[in-house]
Amino acid sequence: MKRNLKLYSIMLITVALASCKDLVSIPEPIGSVTTKKVFATDAQANSAMAGIYTRMINNALDGNTGTQGFATGMSTIFGGMSANELVTASTGSADYLFNTNRLLADNGSSTKIWVTAYDAVYGANAVIEGIEASVSEKLHDDVRKRLTGEAKFIRAFSYFYLVNFFGEVPMALTIDFNKTVNMKKTPKAEVYAQMIKDLQEAKNLLPDNFSGAAGERILPTKWAATALLARIYLYAGDYSNAAAQASDVISQSALFQLPADLNEVFLKNSQEAIWQLQQGDLPANGKATPEGYTLVANKATIPNNRPFFHMSDELKNDFEMNDQRKTAWTWNETAAGKEVYYPYKYKVGTYNAREGVMTEYYMVMRLAEQYLIRAEARALANQSLNLAIADLNVIRRRAGLDDLPATLSKPEVILAIEHEKEIELFAEWGHRFFDLKRTGRAHDVLSAVPIKQPWNGDNQFLYPIPRTEIIANQNLIQNPGY
């Protein structure tokens, strides 16, 4: 049966399971449902896992809507502002500090990224431990394996964002409060090693198709674990393995294709989707995805209803002439004599999301990134510049651009990859911010951005550890500069 992930369908049992808002410093509430009861049957275990997805996409932490969690748009919006992708029109707001490279230690938005990512880690750990501890014969082996694989995938996914936003973080692999309450930061290399271990195990536990959700692409599969493993190997500098994992995903042509029509990429169950999150039909959001809620305005009401965020001049000007991605994935208006561009990958916003069926799901991982990962890994591993260029050209042809010449040098190929990732993955999950930091290009690129002048220092390439965590756990050390 299809596992319905909408908010109203989640059993109350998952609320108790995931009610710990802060993995590191807050103990499990007294009176919460015990893991033995939660994982007594297949249905209960499925609902516990579904609750994690629901909280990730619908932000059930505090009932708010919009961009209120790392998986509800904050990775995109704030990562985009910390890089050179997005600009907030509200120059007097706390959000503007991301644009100007002047974050403070008590920044509320970065705290929400931390709290919601650890909430997903907590839920994943609870599922892993609960399934392992359950001796119920009504919890069947196939369900045990699949849900354990999903939980290990979510744990790795969440730690990827924690490490790339905050640097070294406590690596909690249990819900035992006594073991997590005073944890120190874990070196990044160890966190990456654990992510790789989790994903390798998840690959062996997850199905290799989308049957778990009746054909919809809203649950992690073996290929989602493989795709994330390719990304993590790239970030860890293991280029041969990164290329191999990306190739495994790309080879699954019966499951994944690059739609020729760019307007089909972000539809629900798009052929390009490796994994999507299914948002709830909530009163404030309607049927819109987080980015649709935040970035799509009712054009008929402009200038009175502009989105809070628009594309930076740097991003707007980096599109090549005749790039169809600019036509399909952006829209623009003229304000105060200046042409302003907005992301438009999602077409459904709150103003047009009330009626009809849901047509878009929130794209988390897609095939185009795998071509870009493989191109970079091949170039850096000195496997073949021609093959790296060929991967770039696959993406460029869909965008209506000419092929890159086969005569490019390795430095030129590396810069071409950086450019193609910037344009293909703009306003998606903080890719630009993470890539600039990972490749050592962040200072040179971002310190030259006019809105970030005068440059306040490189320390803000990492977000501050929440002050509440520092107070609660004296073993936690604040990131430099805060």
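Given the structure is predicted, the values throughout are model-derived calculations rather than measurements.
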> Any side-chain donor-acceptor pair under 3.5 Å between D198 and Q194?
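Their side chains do contain a donor-acceptor pair, which is all the 3.5 Å distance test asks for.
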
> Answer with yes or no whether the side chains of R102 and N107 bring together a donor and an acceptor at under 3.5 Å.
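Result is no, nothing qualifies.
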
> Are F266 and W329 an aromatic pair by the rule of ring centers under 6.0 Å?
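F266 vs W329: aromatic centres under 6.0 Å.
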
> Check this for me: does any side-chain nitrogen of one of K152 and E201 sit under 4.0 Å from a carboxylate oxygen of the other?
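Here K152 pairs with E201 in a salt bridge, since their nearest N and O are under 4.0 Å apart.
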
> Side-chain donor-acceptor pair under 3.5 Å between Y463 and S109, yes or no?
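Result is no, nothing qualifies.
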
> For the residue pair Q279 and Y361, confirm or rule out a side-chain donor-acceptor distance under 3.5 Å.
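There is no such pair between these side chains.
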
> Kindly say whether the aromatic ring centers of Y161 and F157 come within a distance under 6.0 Å.
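Yes.
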
> Taking 4.0 angstrom as the limit, do K316 and D313 come out as a salt bridge?
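Yes, K316 and D313 are salt-bridged.
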
> If you measure from the Lys or Arg side-chain nitrogens to the Asp or Glu carboxylate oxygens, is any gap between D323 and K326 under 4.0 Å?
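Result for this pair is no, no salt bridge flagged.
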
> When you check the gap from the basic side-chain N to the acidic O, do R231 and E369 get nearer than 4.0 Å?
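So R231 pairs with E369 through a salt bridge.
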
> Classify the side-chain pair E428/T76 by whether it contains a donor and acceptor separated by less than 3.5 Å.
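Short answer, no.
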
> Before you tell me yes or no, could you show the steps for F434 and F461 under ring-ring contact (aromatic ring centres under 6.0 Å, His included), namely the whole-Å CA-CA distance, both residues' side-chain angles and the distance that decides it to 0.1 Å?
CA-CA 9 Å; F434 297 165; F461 295 158; over 10 Å; no

> Assess K185 against F166: is NZ or CZ under 6.0 Å from the centre of the six-membered ring, and within 45 degrees of the ring's axis?
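No, a cation-pi geometry is absent between K185 and F166.
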
> Compute the ring centroids of F165 and F160, then answer whether they are less than 6.0 Å apart.
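F165 vs F160: aromatic centres not under 6.0 Å.
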
> Is it true that Q276 and K268 share a donor-acceptor pair across their side chains at a distance under 3.5 Å?
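Note: K268 and Q276 side chains miss the donor-acceptor criterion.
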
> Ring of Y344, cation from K347 - is the NZ or CZ under 6.0 Å from the centre and inside 45° of the axis?
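Relative to the ring axis of Y344, which defines the angle, K347 lies inside both limits.
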
> Are E320 and H419 linked by a side-chain donor-acceptor pair shorter than 3.5 Å?
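H419 and E320 do have a side-chain donor-acceptor pair below 3.5 Å.
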
> Answer yes or no for K287 and Y293: cation-pi contact, defined as NZ/CZ to six-membered ring centre under 6.0 Å and angle to ring axis within 45°.
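The answer is no; the distance or angle limit is not met.
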
> side-chain contact (heavy atoms from CB on, under 4.5 Å) for E424 and L372? Distances and angles first, verdict last.
CA-CA 9 Å; E424 179 69 24; L372 296 168; 4.1 Å; yes

> Take the angle between the ring planes of F70 and W429 and call it parallel below 30°, perpendicular above 60°, tilted in between.
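Ring orientation, 0 to 90° scale: perpendicular.
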
